[in-house]
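Position 1 is the first residue of the sequence, and the numbers go up from there.
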Amino acid sequence: MIMSKILPIVSRGSLLRVGWLEREYTDCVEDAPSFLNELKGEFPSLDIFTFRQSLSRQTDFKGFKKEPNYFAVIPVTSYDNWFHHQMKKTARQALKKSFKKGVTVRSTEYDEAFIQGIYEILNETPVRQGRPYGHYGKSKEVIEKEFAEDRDQCTYIGAYFEEELIGFIKLYLKDNYTVPFGMVSKIAHRDKSVQNALISHAIKVCEEKGKKYFFYGEWLEDSLGSFKRHVGCEKQLLFRYYVPLTLKGRLAVALGLHKGLRNLLPATVKKRTKDVRRKLFFNQ
């Protein structure tokens with residue numbers, strides 16, 4: 001990690017160093033020219049810096065190369081409107097089924113019992129969504145520290161079955177929107193539509209806190225993307241900017257290499273690779 005005087009920055013690459021905000025979903029670049037001038041002085045090894053528009057302001061930074069990025073967002077006016085008009089029928093039925101099966105959801109304190117429940121959920125399986133799960137195998141102490149970050153700006157939500165924590169959200173409150181971090185549920189209780197129940201309570205929190213959007217990450221076309229659409233997500237355009245800081249960076253942007261070689265692969269090839277990886281993990 002590279003620490004800027006303003007915001008924490010991370011970077012990758014050896015031949016071409018690309019940097020971006022470590023917490024893109026919650027931090028944003030306000031004054032791009034000033035911020036970029038600071039980066040050039042502090043980190044001369046960075047060839048390119050990339051950042052995206054903020055959901056709150058959606059400022060268009062002219063003069064920089066930009067490309068469309070699409071995100072899944074639930075606009076929030078009221079819980080009642082979301083439940084009756086934004087959710088798909090299948091998601092609404094799944095939510096009702098969840099409550100009928102005895103799932104309860106509530107905002108909770110970040111206390112010992114909740115931390116223990118998070119630890120058990122994250123260590124339930126080493127593979128999630130067809131890939132190695134990054135939190136699996138972490139100690140309780142490490143998990144407690146990681147999920148405590150920015151706790152004063154977060155609401156913690158727990159889904160319970162017979163008082164056992166079976167799912168949770170760390171809901172970050174930012175300007176006029178919320179971002180769910182660590183929205184995970186126990187695979188052993190997948191029949192109870194726990195994710196639907198968690199999102200249901202998150203929408204209630206949005207209404208109570210006056211937040212206009214539930215920001216649910218990237219717009220996807222896979223099974224997770226289908227779930228996002230069923231719970232009421234809409235497609236939101238937020239431009240991503242790529243700013244060359246060196247001659248090498250300018251050449252890379254001009255040649256279309258700024259997003260890495262992997263992004264030059266056709267979508268069909270990337271999908272096939274993803275399918276193969278999923279089969280390998282599930283067949284172990």
Side-chain angles (χ1 to χ4, degrees), residues 23-26 55 71-76 79 82-83 86-87 91-92 94-95 98-99 101-125 128-129 133-136 138 140 142-161 163-190 192-218 220 224-225 227-233:
R23 305 189 304 181
E24 283 197 318
Y25 286 104
T26 57
L55 181 61
F71 294 88
V73 175
I74 301 177
V76 180
Y79 179 86
W82 170 76
F83 183 86
Q86 293 175 264
M87 292 179 79
R92 191 158 49 246
L95 179 58
S98 179
F99 294 147
K101 287 198 169 189
V103 175
T104 59
V105 191
R106 61 180 182 266
S107 299
T108 184
E109 296 295 325
Y110 192 67
D111 56 19
E112 178 62 28
F114 188 69
I115 295 165
Q116 177 64 32
I118 292 177
Y119 169 75
E120 293 174 2
I121 291 171
L122 298 184
N123 281 280
E124 182 188 22
T125 175
R128 285 184 181 269
Q129 298 178 355
Y133 187 51
H135 288 297
Y136 182 80
K138 290 183 179 179
K140 184 178 174 181
V142 169
I143 289 172
E144 177 179 1
K145 183 178 179 181
E146 287 185 358
F147 282 88
E149 186 175 357
D150 298 320
R151 60 186 295 182
D152 59 326
Q153 300 175 65
C154 298
T155 293
Y156 295 91
I157 300 171
Y160 299 85
F161 179 71
E163 289 308 305
E164 173 192 0
L165 186 71
I166 61 174
F168 72 95
I169 298 178
K170 176 185 176 182
L171 191 65
Y172 191 98
L173 310 178
K174 173 72 175 182
D175 297 335
N176 64 345
Y177 65 92
T178 64
V179 185
F181 289 110
M183 185 163 63
V184 190
S185 59
K186 282 191 175 180
I187 295 174
H189 292 275
R190 67 173 66 189
K192 298 179 180 64
S193 302
V194 181
Q195 300 289 80
N196 296 70
L198 287 167
I199 291 175
S200 170
H201 192 81
I203 298 300
K204 288 183 179 179
V205 173
C206 287
E207 181 179 13
E208 292 169 1
K209 302 289 186 180
K211 306 302 179 183
K212 296 181 179 180
Y213 304 101
F214 178 82
F215 193 15
Y216 200 179
E218 294 183 357
L220 304 171
L224 177 57
F227 174 78
K228 292 180 180 183
R229 291 187 289 276
H230 275 74
V231 296
C233 286

Heavy-atom side-chain contact between [X] and [Y] under 4.5 Å:
X	Y	result
Tyr136	Thr125	no
Tyr213	Phe71	no
Val105	Phe99	yes
Lys101	His189	no
Asn123	Ile143	yes
Ser107	His201	yes
Ile118	Tyr110	yes
Met183	Phe168	no

Item to check | side-chain contact (heavy atoms from CB on, under 4.5 Å) evaluation trace for Leu173 with Val179 | outcome: CA-CA 7 Å; Leu173 310 178; Val179 185; over 6 Å; no
Checklist entry - Only one of Thr108, Val205, Ile199 forms a side chain to side chain contact (heavy atoms under 4.5 Å, CB included) with Ile157, so which one is it? => result Val205
Rounded at 0.5 Å granularity, tell me how far [atom1] in [X] sits from [atom2] in [Y].
X	Y	atom1	atom2	answer
Glu207	Trp82	CD	CH2	11.5 Å
Ile115	Leu165	CD1	CG	11.5 Å
Arg92	Phe83	CZ	CZ	6.0 Å
Gln86	Cys233	CD	SG	9.5 Å
Ser98	Gln195	OG	CD	10.0 Å
Asn176	Lys209	CG	NZ	15.5 Å

Please give me the minimum heavy-atom distance between [X] and [Y], naming the atom from each residue.
X	Y	value
Leu95	Ala197	CD1-CA, 3.6 Å
Val103	Ala159	CG1-CB, 4.3 Å
Ala91	Asn196	O-ND2, 3.5 Å
Phe147	Gly182	CE2-CA, 4.1 Å
Asp175	Lys211	O-NZ, 2.7 Å
Ser185	Glu124	O-OE1, 4.2 Å

Checklist entry - Between Lys192 and Phe161, is NZ or CZ placed under 6.0 angstrom from the six-membered ring centre and within 45° of the ring axis? => result yes
Checklist entry - Within 45 degrees of the axis of the six-membered ring of Tyr133 and under 6.0 Å from its centre: does Arg128 put its NZ or CZ there? => result yes
Item to check | Aromatic plane relationship, Tyr156 with Phe114 - under 30° parallel, 30 to 60° tilted, over 60° perpendicular | outcome: perpendicular
Next on the checklist: Tell me whether the rings of Phe181 and Tyr25 are parallel (<30°), tilted (30 to 60°) or perpendicular (>60°).
Outcome noted: perpendicular
Item to check | Working for side-chain contact (heavy atoms from CB on, under 4.5 Å), residues Thr178 and Phe215 | outcome: CA-CA 6 Å; Thr178 64; Phe215 193 15; over 6 Å; no
Item to check | Listed partners of Asp152 passing side chain to side chain contact (heavy atoms under 4.5 Å, CB included), at least two apart | outcome: none
Item to check | NZ/Lys140: more than 12 non-hydrogen atoms of other groups inside 6.0 Å | outcome: yes
Next on the checklist: A quick test of your reading: do over 12 heavy atoms of other residues, nucleotides or ligands sit less than 6.0 Å from NZ of Lys145?
Outcome noted: no
Next on the checklist: Ile166 vs Tyr160, test: side-chain contact (heavy atoms from CB on, under 4.5 Å). Steps then yes/no.
Outcome noted: CA-CA 6 Å; Ile166 61 174; Tyr160 299 85; 5.9 Å; no
Item to check | Evaluation steps, side chain to side chain donor-acceptor pair (under 3.5 Å), between Ser200 and Tyr79 | outcome: CA-CA 8 Å; Ser200 170; Tyr79 179 86; 2.8 Å; yes
Item to check | side-chain contact (heavy atoms from CB on, under 4.5 Å) assessment of Leu171 paired with Phe214 | outcome: CA-CA 9 Å; Leu171 191 65; Phe214 178 82; 3.9 Å; yes
Item to check | Electrostatic pair Lys170-Glu149, nearest N-O below 4.0 angstrom | outcome: no
Checklist entry - Does a donor on one side chain sit under 3.5 Å from an acceptor on the other, for Lys138 and His135? => result yes
Next on the checklist: For a side chain to side chain donor-acceptor pair (under 3.5 Å) check, start with the C-alpha distance between Glu120 and Gln116, then their side-chain angles and the critical distance, and finish with the verdict.
Outcome noted: CA-CA 6 Å; Glu120 293 174 2; Gln116 177 64 32; 2.9 Å; yes
